[in-house]
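Just so you know, ligand 1 is whichever comes first in the structure, and atom 1 is the first atom listed for that ligand. What you see is a predicted model, and the numbers here were worked out from it, not measured in a lab.
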Amino acid sequence: MISHKDRAQKAYEAMGCLGFPKKQVSPVLKHLYKLFENWEPIEDESYRILADTILDSQKNQQMPATSRHVTDQESEPHNSTSVTPDPDDQHPSAARYDMDVSDNETSLINRPMDVSENPQDALFLQEPKPEPEIDVPAAPVANDLNTGSSESRAVHSEAQNNGGSLQEQALETYAPFVKPIACKHAVDGNGNTAVGSSSEPSFQNWVVAYQPQEALFKQRPLHDVADITKGEERVRIPIVNEFGSDSCPPLFYYIRKNLIFQSAYVNTSLARIGDEDCCADCSGNCLLESHPCACARSTGGHLARKFIKECWSKCGCGMQCGNRVIQRGITCNLQVFFTNEGKGWGLRTLDGLPKGAFICELVGEVLTSSELHERKAKNSKHVDQVLLDASWGSEGVLRDEEALCVDPTFYGNVGRFVNHRCYDANLVIIPVEVETPDRHYYHLALFTAKKIEAFEELTRDYGIDFDGTDDLNKAFDCMCGSKYCRGGPNNSRKRTRASASQN
Ligand SMILES: C[S@@+](CC[C@H](N)C(=O)[O-])C[C@H]1O[C@@H](n2cnc3c(N)ncnc32)[C@H](O)[C@@H]1O
């Protein structure tokens with residue numbers, strides 16, 4: 001058996017290769033060991049968590065104290081509650097959506113990337129996709145390895161060939177996995193009942209449920225079990241419950257793009273986008289150019305906080321450009337399903353997906369931090385919000401009235417169903433700049449962090465401090481099932497706390 005000393009030495013050596021001196025590594029290593037009480041997660045993926053945490057602590061030390069309230073939650077490795085683009089991420093690199101988040105040590109280093117070096121790693125559109133159309137779900141936007149699951153794709157193409165409803169055929173094929181829910185006894189706020197169980201996108205499918213404490217829903221939105229997006233997305237996303245329960249997912253208004261709640265200031269005026277922030281002279285696919293354009297050049301880089309800058313309306317290229325992924329919206333076949341594992345509803349993919357595939361944006365209302373706190377004080381029934389890290393870039397420290405966050409509780413997209421998993425989640429959130437160079441507003445895009453099998457649940461690490469007192473996202477008893485779970489009922493520190501409070 002290898003001794004602690006040897007294992008620590010190996011960690012120092014690995015970090016030494018990345019340029020981190022022992023005295024910088026040592027406190028972080030101790031902290032992580034205390035956290036996991038186990039070497040395995042620290043050694044996993046060539047010490048990736050250790051390197052991430054060192055980078056995070058470096059960044060937090062550089063940060064003015066007043067801005068730390070946003071990122072203090074990031075003291076845990078893999079934190080993603082607050083998504084912070086890397087301020088140092090200015091290294092010119094050939095454009096690609098580098099999702100090498102779990103590779104070897106070299107991926108930890110900020111390195112110039114050349115698409116031609118390893119074209120299968122590049123995340124770009126191979127050909128123009130059809131414009132948004134409900135009945136023709138396109139392949140997930142990813143790289144040229146993105147074949148998807150052969151089984152599910154076969155079903156889809158057959159469905160298209162037969163001219164039948166694609167979703168219907170998929171539903172039949174995947175039975176019993178894919179069973180439309182029937183909210184037979186759903187009751188609305190006025191005590192009226194509504195029934196829905198067919199997979200046809202008709203009003204008969206629309207179900208309502210009663211959420212007595214939800215004052216915001218005066219006019220209750222309904223769920224269409226055949227398509228929770230109600231036609232907002234280019235693919236249908238059904239709701240299924242193979243456990244036969246009558247319950248429905250929480251009610252909310254489905255939106256495809258972020259909406260400003262009230263006071264959030266997001267300036268998207270064209271005049272603010274200078275030549276350096278667009279590529280007016282481009283055409284075609286900017287990711288395939290031998291000299292990447294200004295937008296594509298900014299993409300890629302740092303492992304800890306990668307950042308993507310997409311081409312946009314002030315650029316010469318079109319919607320088929322490979323550097324416009326999140327703007328095109330969801331293209332993979334997803335499903336909202338009841339987990340029956342104590343996590344409520346979740347999101348899963350119907351197809352196998354490669355690493356680096358775009359899943360969806362985390363869409364919601366854009367609020368200022370002060371609006372969010374006010375809202376939470378009035379109503380604790382919130383799903384988990386994400387803070388945009390206001391301290392990124394040169395805008396200085398923003399006040400709570402200026403700092404922004406995304407709240408998908410009342411208005412959101414399917415991103416709101418992505419459940420938490422400790423450390424080894426299969427999705428990562430990447431900050432994406434699209435329509436404004438203002439660094440206090442950006443989009444939150446969910447990409448696959450590894451290869452995912454058809455019907456696997458999609459998860460991300462919320463970065464919750466299960467032991468601490470994070471007032472933004474109240475910790476729940478984590479049921480993620482990860483061997484690295486830090487928030488489950490059997491979490492050793494929880495037990496310690498519980499027994500301490502009993503004494
Ligand atoms: C963003 S929502 C995810 C969708 C949610 N499951 C639902 O049914 O609407 C976050 C909430 O889901 C639940 N949740 C997410 N991940 C969980 C996990 N690993 N264990 C237990 N509950 C979880 C918690 O109640 C959390 O506050």
Side-chain angles (χ1 to χ4, degrees), residues 73 76 78-83 181 183 186 207 209-211 213-214 216-217 221 223 225 228-229 237-243 245-255 334-349 359-365 367 372 375-376 379-387 405-429 444 446 456-467 470-491 494:
Q73 303 151 50
E76 302 284 325
H78 261 276
N79 187 323
S80 55
T81 299
S82 159
V83 178
I181 57 164
C183 298
V207 294
Y210 181 43
Q211 288 185 323
Q213 289 146 3
E214 204 38 82
L216 274 181
F217 289 126
H223 280 313
V225 294
I228 196 164
T229 85
I237 303 179
I239 304 167
V240 300
N241 183 351
E242 61 236 41
F243 300 100
S245 153
D246 282 354
S247 73
C248 301
L251 296 177
F252 67 98
Y253 291 95
Y254 196 97
I255 53 171
L334 305 173
Q335 190 182 70
V336 173
F337 75 109
F338 189 69
T339 65
N340 207 30
E341 292 160 1
K343 297 183 289 187
W345 296 82
L347 186 69
R348 66 185 169 195
T349 170
I359 299 297
C360 64
E361 197 182 322
L362 185 63
V363 166
E365 283 177 90
L367 311 175
L372 178 69
R375 188 177 269 199
K376 289 198 76 141
N379 185 340
S380 61
K381 285 196 82 185
H382 271 250
V383 299
D384 299 82
Q385 303 80 9
V386 180
L387 291 170
C405 54
V406 176
D407 179 4
T409 310
F410 306 118
Y411 292 81
N413 71 344
V414 282
R416 79 195 292 295
F417 289 106
V418 173
N419 283 321
H420 162 86
R421 186 171 171 93
C422 296
Y423 298 118
D424 59 357
N426 53 19
L427 302 185
V428 283
I429 289 198
L444 301 165
L446 288 160
E456 224 180 283
E457 179 175 5
L458 301 171
T459 53
R460 69 180 176 91
D461 190 330
Y462 293 1
I464 293 179
D465 177 1
F466 285 96
D467 296 311
D470 170 1
D471 66 338
L472 184 71
N473 291 310
K474 290 259 177 330
F476 39 82
D477 268 348
C478 184
M479 310 298 269
C480 73
S482 164
K483 65 176 172 177
Y484 307 133
C485 181
R486 58 182 189 264
N490 298 327
N491 172 285
K494 273 196 168 173

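Remark: distances from the non-hydrogen atoms of P249 to ligand 1 are all 4.0 Å or more. The closest approach between G346 and ligand 1 stays at or above 4.0 Å for every heavy atom of the residue.
Contacts between W345 and ligand 1, counted as non-hydrogen atom pairs separated by less than 4.0 Å, involve both the backbone and the side chain. By the criterion of a heavy-atom distance under 4.0 Å, the backbone of D477, and not its side chain, is placed next to ligand 1.
Against a heavy-atom cut-off of under 4.0 Å, P250 is close to the following atoms of ligand 1: 9 (O). Interface of G342 with ligand 1, defined as ligand atoms under 4.0 Å from a residue heavy atom, comprises 21 (C), 22 (N). Near C480, meaning under 4.0 Å from any of its heavy atoms, are these atoms of ligand 1: 19 (N). When each atom of ligand 1 is checked for a heavy atom of C478 under 4.0 Å away, the hits are 19 (N), 20 (N).
Annotation: R421 places no N or O atom under 3.5 Å from an N or O atom of ligand 1; distance criterion only. Residue M479 places at least one N or O, backbone or side chain, under 3.5 Å from an N or O of ligand 1. Taking distance alone, with nitrogen or oxygen atoms compared against 3.5 Å, N419 approaches ligand 1 more closely than that limit.
Remark: the backbone N or O of I237 is not paired with any side-chain donor or acceptor of T229 at under 3.5 angstrom. With hydrogens and angles ignored, the 3.5 Å screen pairs a side-chain donor or acceptor of H223 with a backbone N or O of P250. Of the possible donor and acceptor atoms, none in the side chain of N241 sits under 3.5 Å from a partner among the backbone N and O of F338. Between the N419 side chain and the W345 main chain, a donor and an acceptor come within less than 3.5 Å of each other.
Side chains of S482 and D424: a donor on one and an acceptor on the other come within 3.5 Å.
Contact record, T409 with F252: O-CB, 3.5 Å, taken as the closest heavy-atom pair.
The one candidate from E456, E242, E457 that meets the salt bridge (Lys or Arg N to Asp or Glu O under 4.0 Å) condition with R348 is E242.
Cation-pi geometry between R486 and F466 is not met: the NZ or CZ atom fails to fall both under 6.0 Å from the ring centre and inside 45° of the normal.
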